[in-house]
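See below for the structure under consideration.
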Number of protein chains: 2
Amino acid sequence: MPNRTSDIEQRATLKDIAERVGVHVSTVSRALNTETRSLVADELVQRILEAAEDLNYKPNRVALALRTRASMTVGVILPDIANATFPVLVHAIEATLATRKYSTLVAHAETGYPRKDTPLVDQLAARHIDGVILTTARRHHGIVDYCLKSSVPLVMVSRTEEDPRVSAVINDDIASMALAVRHVVELGHRRIAHLAGPADMSTGAARREGFIAAMREHKLEPSAIVRTKLYTREEGVLGAQEIFTIAPDTTAVITANDFLAVGCLDVIKASGRRCPDDVSVVGHNDMPLVDMIDPPLTTVRINYRQMGTEAALLMLRRLEDPTADAVMMTLRPKLVIRGSTGPAPR
Amino acid sequence: MPNRTSDIEQRATLKDIAERVGVHVSTVSRALNTETRSLVADELVQRILEAAEDLNYKPNRVALALRTRASMTVGVILPDIANATFPVLVHAIEATLATRKYSTLVAHAETGYPRKDTPLVDQLAARHIDGVILTTARRHHGIVDYCLKSSVPLVMVSRTEEDPRVSAVINDDIASMALAVRHVVELGHRRIAHLAGPADMSTGAARREGFIAAMREHKLEPSAIVRTKLYTREEGVLGAQEIFTIAPDTTAVITANDFLAVGCLDVIKASGRRCPDDVSVVGHNDMPLVDMIDPPLTTVRINYRQMGTEAALLMLRRLEDPTADAVMMTLRPKLVIRGSTGPAPR
DNA sequence: TCAGCTGCTACAAACGTTTGCAATACGAAT
DNA sequence: ATTCGTATTGCAAACGTTTGTAGCAGCTGA
């Protein structure tokens, strides 16, 4: 047996093709590139294409990135905490970027807010990232500054930015809350509370406003509005406890997130109430498995697959035409009625 | 206001430092590199370091990749179907790779088995990926051949390979099943069935064997063993139906996966039985939210965070010392007892 | 005094592309 | 016969690094 590395398949380069055809490498480059193919004689193009096929030539993206400063990769920044909705989001992003030969580099936002030296930014810059998709709902972020400053295309998901240069795809949180409120109102509820998300996440703020607006629409006064610090079950427990001490007569609580809803169910159960007989709960996002909990959660569904696809398409649009305007795309949410909501008691 | 692109921060290069210090770029390179720093005069090293600091120099990774053929990126191949366990896995991988300046490129395995032209392999090769972490349990895969052939370090998670050149971190599926079986046996169950995973996934096969071994240990005969085609709730329903037609007197079913367990609960409910009064169910993986379903699922927990970390460490080990042997690391599972298991009826 | 070593630095090639420019050849137009 | 496009190809520089080799001091030792 020969030594271990002897059988490495050496990838063919432009030079290999050039030698085989007996022509200069620049000619090969032009022949292979559809943009410049017209510059070389037809018959020669044929021979070069055949040789490329023979040698199974695949362009070296690293060299290409160095020369053209376009790395054909986009960075996807994920939140520092794992969230069940991200597999499908990332999958959708990666899949649609791959259709145009872009690769997906993932990174997680730094944990904690402390400014840190944002090595993440440097990392992205050092790799000549062509674009960034930000999926962290958390508000201020060094990445944004970096992208704006060096005019790297930026797309945000589930989050907006004032700057007109950034594209975004977001859920229509106003519509979400309108759906949720209308649903419980139609069930006869009048004492309705909101378990809101963190104020420093745009979804938290937007849904809170949406809730208030929807209540006003129905000429109702919220029985309570409580803010949480994180989208977690534990925070949901804390928040729900507060709601039921502030307004014990609440019969419906609309939450900003399924985790919060689950925490809410915990305290409902613990306090001897029953859901949905005594109090109804509606969640938000329709995360996997919330249809299996007890009771199955009524929630507002966000189509994360579509969200990922749209975000990637927005990115591709800007990458392939840098003059393209940034746009904001808002997706329509959908109410999914399950077992956690029912007629108001009495 | 000047034109829009005028204020792009031009990144400093070695040449910039060289000019400022009045020295050749190769000297700067050596001074900045700890390996070769001893070759340049101490006083000069100081001045160069200061200049680098001043100019906020960050090495250009793509140039580096071109020159050294090491891209400082590892590819992570995810399964084509989204799975709730992957956010934490990917997060752990990315975080530990990042500590050594490696980036994480994600890609999804091609959908469906048909051989396809494996553009994924080409994509990875074209980017000079330094290593690959495979998280798809599905058995044969072009990536494996590619990595072996071009001696790209390969680490598998939740999956083994015969070839001694690949490292792996896996769950101890034999131990998992031993825990699960012992638990229900101690509860008095004797008619125990196994709802097995797909045969073409190593977890499916391994857990099935583990179940059989564990049953033999207790000198019990399985009441039924049914294979599913996919780890989905729907397949779980189908499989569970089959179990209860083959062996209606089954009082405990041990599943290879939480989704299957949920499907199993569906048919138990639908058939008028109750869980855990009539039949107990134990899942596998401890996915998020399975503690919230009705009844809360007893399951075997896999520590995915640890799995991701270990996989990344294995990868780093091989990247930083190519002569390092491939190793297999098996993690100990843990039984989490909740509400879906109870004493055997009668 | 000079060969030879040592310590330091510069030069240049290389990694695999793209691309502006020059060079050649050919036919057409003057 | 000269000039001039036009079509095709080659040359070389460039992207930002690393690294083998060469050069040049100054020093040591005979």
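Scope of the values below: all heavy atoms of this structure, side chains included, with no hydrogens, waters or symmetry mates. Throughout, a chain's letter reflects where its sequence line sits, starting with A, and its residues are numbered from 1.
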Practice task
Taking only Lys NZ, Arg NE, NH1 and NH2, and the carboxylate oxygens of Asp or Glu, determine whether A:Arg159 and A:Glu161 approach each other closer than 4.0 Å.
Solution key: yes

Exercise for the section: Calculate the interatomic distance between B:Arg67 atom CZ and C:dC15 atom P; express it in whole Å. Expected result: 8 Å

Exercise for the section: Could you tell me whether B:Arg318 and B:Asp325 make a salt bridge, using a distance below 4.0 angstrom between a side-chain N and a carboxylate O? Expected result: no

Practice task
Taking all heavy atoms of B:Tyr102 and all of B:Thr73, pick out the closest pair and write down the distance.
Solution key: CD2-N, 3.9 Å

Exercise for the section: Check every strand shown and say whether A:Thr13 touches a base, only sugar-phosphate, or nothing at a heavy-atom separation below 4.0 Å. Expected result: sugar-phosphate

Handout entry: Flag for B:Arg61-B:Ser71: side-chain donor and acceptor within less than 3.5 Å
Key = no

Practice task
Might you confirm whether atom CD of B:Glu35 has over 12 heavy atoms from other residues, nucleotides or ligands at distances under 6.0 Å?
Solution key: no

Handout entry: Separation of C:dC15 C1' from A:Leu64 CG (nearest whole Å)
Key = 14 Å

Exercise for the section: Starting at atom CD1 of B:Ile17, determine the distance to atom P of C:dT9, rounded to an integer number of angstrom. Expected result: 16 Å

Handout entry: Heavy-atom neighbours of A:Arg100 CZ exceed 12 at 6.0 Å
Key = no

Practice task
Find the distance A:Leu66:CG to C:dA14:C1' and express it as a whole number of Å.
Solution key: 12 Å

Problem - Separation of C:dT19 C1' from A:Leu14 CG (nearest whole Å) - result: 13 Å

Any N/O pairs under 3.5 Å between the protein and nucleotides 6-10 of chain D? List them or say none.
residue: D:dT9; atom: OP2; partner: A:Ala41; partner atom: N; Å: 2.8
residue: D:dG10; atom: OP2; partner: A:His24; partner atom: N; Å: 2.8
residue: D:dG10; atom: OP2; partner: A:Thr27; partner atom: OG1; Å: 2.7
residue: D:dG10; atom: O6; partner: A:Arg30; partner atom: NH2; Å: 2.6

Handout entry: A:Glu53 atom CD: more than 12 heavy-atom contacts under 6.0 Å
Key = no

Exercise for the section: Take the protein atom NZ of A:Lys15 and the nucleotide atom P of C:dT18, then report the distance between them rounded to whole Å. Expected result: 15 Å

Handout entry: Salt bridge present between B:Arg47 and B:Glu43 (N-O < 4.0 angstrom)
Key = yes

Problem - Neighbour count above 12 (heavy atom, 6.0 Å) for A:Asp42 CG - result: no

Exercise for the section: For A:Ile48 and C:dT18, give me the distance from atom CD1 to atom P, rounded to whole Å. Expected result: 13 Å

Completion exercise
Students should find that the end-to-end axis angle of the helix from C:dT1-D:dA30 to C:dT30-D:dA1, with five pairs defining each axis and rounding to 10 degrees, is 80°

Exercise for the section: Report yes if at least one side-chain N or O of B:Arg69 is closer than 4.0 Å to OP1 or OP2 of C:dG16; otherwise report no. Expected result: yes

Exercise for the section: Check whether any side-chain nitrogen or oxygen of B:Ser29 sits under 4.0 Å from OP1 or OP2 of D:dT17, and answer yes or no. Expected result: no

Problem - Between P of D:dT17 and CZ of B:Arg61, the distance in whole Å - result: 11 Å

